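Shown next, in C-alpha cells, is the structure this report addresses.
These numbers come from a predicted model, not from an experiment.
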Amino acid sequence: MEKLYDKLLQGNKDWVAKKLKEEPTFFSDLAKGQRPDVFWIGCSDSRVPANEITNTRSGEVFVHRNIANMVVHTDTNMLSVLDFAVNILEVNHVIVCGHYGCGGIQAAMSKKHYGGVIDNWLRNIKDVYRLHNKELDGIKNSGTRDKRLTELNIIEQVYNLCKTSIIQNAWEKHKRPHVHGWVYDVSNGLINDLNVTVRDNSEMHNIYKLDF
Ligand code: CO
C-alpha cells in the first residue's frame, strides 16, 4: 500500500518534468484560467478517465463523475457543477458517458444489499430498469441485458439533464448546450455515440417543458 502511495507522488514529479520538457509554458498557460467547451458526466470507475480516453488535454473537459454516471435531480453536487458549466463556463456540449461492464449497473440488476447509502443510489438505476422492463426482460442473455440497460440508463440521464431548469433556461436564452449520450467499451477502448443528442425542447414530453 505504501508503495503505490509513494508511486503517485513520484509519478506527479515525473509528469511535471515531462510536460515542462515538451512544453515549457504548459503550466503557466493553464494558470491563466480554464475555457473548456465540454462538460462530461461519467462514471467514477477507475477505468474511464475522461481526458485519457478522449485524448484531450488539461483544461479541455470539465468533469463530474459518480457511480453509474447518474443525473439525480436532488443531487446538489451534480446540479452545482452543471450550473457552473452551463452558465459560467458557457459550454456548448454536455456529454453523459457511461460504460459497458459498469459495476453500478450490474449491482442494480441484482438484489444485492450493500447495507449503506449506495443501495439508495442504485435504486435510481432500478427505476430506469422498471421504465424499460418490457424490452429488458425480453433479452435472455444477461451480459447483453446489462449492456442494454447501460445504454438505456445513459439515455435516461440525457433526458434527466434536459428536464433541469438549468438546461432549459440555457436553451431558451442561448440556444445551447447540445446534450449527448455516449457509451465507452472498456474491452476495446472505443466510445460509441448513441445518437440521442438533444438540442432543444421540441421532442420533450410536454409535462417537462418549462414556460419562459
Ligand atoms: Co461504472
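- Between M78 and V72, the closest heavy-atom pair is CE-O, 3.4 Å.
- To the nearest 0.5 Å, atoms NZ (K163) and NE2 (H73) are separated by 6.0 Å.
- There is a side-chain donor-acceptor pair under 3.5 Å between Q157 and N160.
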As a quick check of understanding, evaluate side-chain contact (heavy atoms from CB on, under 4.5 Å) for N69 and C97, giving each step before the final call. CA-CA 7 Å; N69 39 271; C97 186; over 6 Å; no
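- Between the CH2 atom in W171 and the SG atom in C162 there is a gap of 3.5 Å [rounded to 0.5 Å].
- Distance check, rounded to the nearest 0.5 Å: CG of D75 to CG of L79 gives 6.5 Å.
- Of all non-hydrogen atoms in G104 and I67, the two that sit nearest each other are CA-CG2, 4.2 Å.
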Steps toward side chain to side chain donor-acceptor pair (under 3.5 Å) verdict (Q10, D6): CA-CA 6 Å; Q10 186 54 49; D6 291 336; over 6 Å; no
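- Heavy-atom contacts from other residues, nucleotides or ligands closer than 6.0 Å to CD of E52 number 12 or fewer.
- Residues satisfying the side chain to side chain contact (heavy atoms under 4.5 Å, CB included) test with N51, not counting sequence neighbours, are T56, V61.
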Go through V94 and H178 one step at a time and tell me if the side-chain contact (heavy atoms from CB on, under 4.5 Å) criterion holds. CA-CA 6 Å; V94 178; H178 293 175; over 6 Å; no
Hey, can you pull the donor-acceptor pairs under 3.5 Å for the side chains in residues 23-32, sequence neighbours left out?
unit_1: E23; atom_1: OE1; unit_2: R57; atom_2: NH1; d: 3.2
unit_1: E23; atom_1: OE2; unit_2: R57; atom_2: NH2; d: 3.0
unit_1: T25; atom_1: OG1; unit_2: D29; atom_2: OD2; d: 3.0
unit_1: S28; atom_1: OG; unit_2: T25; atom_2: O; d: 3.1
unit_1: D29; atom_1: OD1; unit_2: K32; atom_2: NZ; d: 3.3

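- Every pair passing side chain to side chain donor-acceptor pair (under 3.5 Å) that includes a residue from residues 97-118 is listed here, sequence neighbours excluded: Y100-E151.
- At most 12 heavy atoms of other shown residues, nucleotides or ligands fall within 6.0 angstrom of atom CG in N55.
- Side chain of N66 to main chain of M70: a donor-acceptor pair is present (N/O by atom type, distance under 3.5 Å, no hydrogens or angles).
- A 4.5 Å side-chain heavy-atom check between Y129 and I125 finds every atom pair outside the cut-off.
- To the nearest 0.5 Å, atom CD of residue E156 and atom CG of residue D127 are 10.0 Å apart.
- Residues I167 and P177 form a side-chain contact, since some pair of their non-hydrogen atoms from C-beta on lies under 4.5 Å apart.
- The residues E60 and R35 are annotated as not salt-bridged, no charged nitrogen and carboxylate oxygen being separated by less than 4.0 angstrom.
- Heavy-atom contacts from other residues, nucleotides or ligands closer than 6.0 Å to NZ of K175 number 12 or fewer.
- Identified under the side chain to side chain donor-acceptor pair (under 3.5 Å) test for residues 193-212, with sequence neighbours left out: H180-T197, D200-S202.
- With sequence neighbours left out, the ring pair (Phe, Tyr, Trp, His ring centres under 6.0 Å) criterion links H174 to no other residue.
- In this structure, R145 contributes its side chain and G138 its backbone to no donor-acceptor pair below 3.5 Å.
- One finds no salt bridge joining K18 and D14 here, because no Lys/Arg side-chain nitrogen approaches an Asp/Glu carboxylate oxygen to under 4.0 Å.
- Contact between L210 and F212 at its shortest, heavy atoms only, is O-CD1, 3.4 Å.
- Side chain of N169 to backbone of I166: no donor-acceptor contact under 3.5 angstrom is found.
- Residues A68 and N153 approach most closely at O-ND2, 3.3 Å, considering heavy atoms.
- The ring pair (Phe, Tyr, Trp, His ring centres under 6.0 Å) pairs that include a residue from residues 51-71 are F39-F62, F62-F84, where partners are two or more places apart or lie in different chains.
- Side-chain N or O atoms of R176 include none that pairs as donor or acceptor with a backbone N or O of N92 at under 3.5 Å.
- Nearest heavy atom pair, residue T76 against residue S80, reads O-OG, 2.6 Å.
- The shortest non-hydrogen separation linking V63 to V81 is O-CG1, 4.4 Å.
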